[in-house]
Amino acid sequence: MPTFPDTPEFTGLNTPIGEEYALEHLPVEGRIPDEVAGTFFRAIPDPAFPPYLDDGAAVLSGDGMVSAMRFAPGEVSFAIRYVDTERHQVERAAGRALFGKYRNPYTDRPEVDGRDRTVANTTPVWHGGRLLMTKEDGRPYRVDPRTLATLGRYDFGRRLKSATVTAHVRIDPGTHELFFFGYEADGLASTKVAYCVADAKGNLTREQWFDAPYCAMMHDFAITEHYALFPIYPTTCDLARLEAGGDHWVHELARDSYLGVMPRYGSVSDMRWLRGPKGVSCYHMMNAFEDAAGHIHLDQCLANVNAFPFIQRASGLNIPPGENGARLARWTVDLRDGGDAITETVIGPPGDLPMIPAASQGRPYTHGWLLTMNPDMQGPPVAGGPVGAMFNTLLRLDFAGAPPQALALPPGHAISEPVHVPSAKDGHQGWLLTIVDQQTGPSEFVHSLWILDAGNVAAGPIARVAIPHRLRPQVHGWWVSAAELDAAA
Ligand SMILES: [Fe+2]
């Protein structure tokens, strides 16, 4: 194992794993529901080699690893492998890092000029019987869902023109189409955005390009039954800064945010740009939908500044989490009034990594889940992840009037983004699967997977599966049922 810097990006929960492994017959406490049959795929950044440059955004550049926790009758197993990207291959061959700062090829070693820089470390996306490891700075890598072997870079059968694909796709629950986009679609600091649709089998059926108002970090987007929504927040990129060896992103508090709205099967020339508040930032949307009156609503984890400390530093900002105005915000627009106004309503507390049932995607919905910090917690949260602090509370939010439910973990515990497993039982809200890390020493952790009744998260886990091996904080995950995996095999 190479020696990594003694900094928060590489120590504690963020200590690199550097190892592919597989575990069988994991110890189970409690009873796993029969409907929890399938695989929980997780994306983990794990740098194989120490960086040769100081880079605050280093956590984002860790080589992608994909893990699979499989639930079969009477057996739970876990496996993790690197995504064998071109970058991972050339660095492994050299035995050291060759790529420089996050999303800045001007800082790379000359021998990797023109090589694919993506690390495919953000979301495992399952669609059309394919598993894709995604990261927004490049094209996905396809991975075998059973062996986790990397099958190569994926470009939709050479049909995709965009050089980038988001890690936050949306799948319509009725048509099973995949809606996605890529920004900086034709190169660094570009305003070009590709908006794409693939049919239920994964065939790319539409790709249209439009210009964003400026080059912004577009981490997520949303769909409704009839519209595609493209929020633009002022975390921006500048080519001259990159050429000078600087950071990809700075956050501009004085700049307007926007919401682009177009018919989801329409032309990008029909895009309407509505104007949002200045300086706001969001990584993840919970959902979007149209109501009976024809209004369009977008529910998002919004803050008054970008929450990533290294982006604030690059921007000359230092706004602590408690003062960033974070909230679950609903933006409502009425396309019929001809104006560009957005109405904001606060519908939930600060938090991130929102989750909804797949069947609610783009539709009016009654509930969702969100990770947050327990305001009553004594002592600091577990350090880790890109923000430097891990969440310790899971909320179930009810938009139909019921009070929120909270599962607040004890001190020294951290919770990762859950996946939702639907139930076929009438009125049952399914289950949530989530990894919980318990800190037992400065760099010692005990990891387990918790299974929760999604409709009653406050009751705590109905089953726990121990993972007796080191883990690193997950970015995003995806649940694929055994039936879907079997159908694709
Ligand atoms: Fe994300």
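Note that the numbering runs from 1 along the sequence shown for the chain. Start at 1 and go down the list; that is how both ligands and their atoms are numbered.
- Protein contacts to the Fe ion (ligand 1) involving N, O or S atoms at a distance below 2.8 Å are His168 NE2, His219 NE2, His284 NE2, His476 NE2.
- Taking the ring axis of Phe78 as reference, the NZ or CZ atom of Arg42 does not stay both within 45° of it and closer than 6.0 Å to the ring centre.
- Partner of Tyr195 under the ring-ring contact (aromatic ring centres under 6.0 Å, His included) criterion, out of Phe230, Tyr227, Phe210, Tyr265: Phe230 alone.
- Judged by distance alone, the side chain of Ser162 and the main-chain N or O of Thr164 form a donor-acceptor pair under 3.5 Å.
- Within the cation-pi definition used here (under 6.0 Å to the ring centroid, within 45° of the axis), Arg170 does not qualify as a partner of Phe180.
- In this structure, the side-chain hydrogen bond (donor to acceptor under 3.5 Å, both in side chains) partners of His297, at least two apart in sequence or on a different chain, are Asp291, Thr332.
- In this structure, Phe49 has its ring center at least 6.0 angstrom away from the ring center of Phe99.
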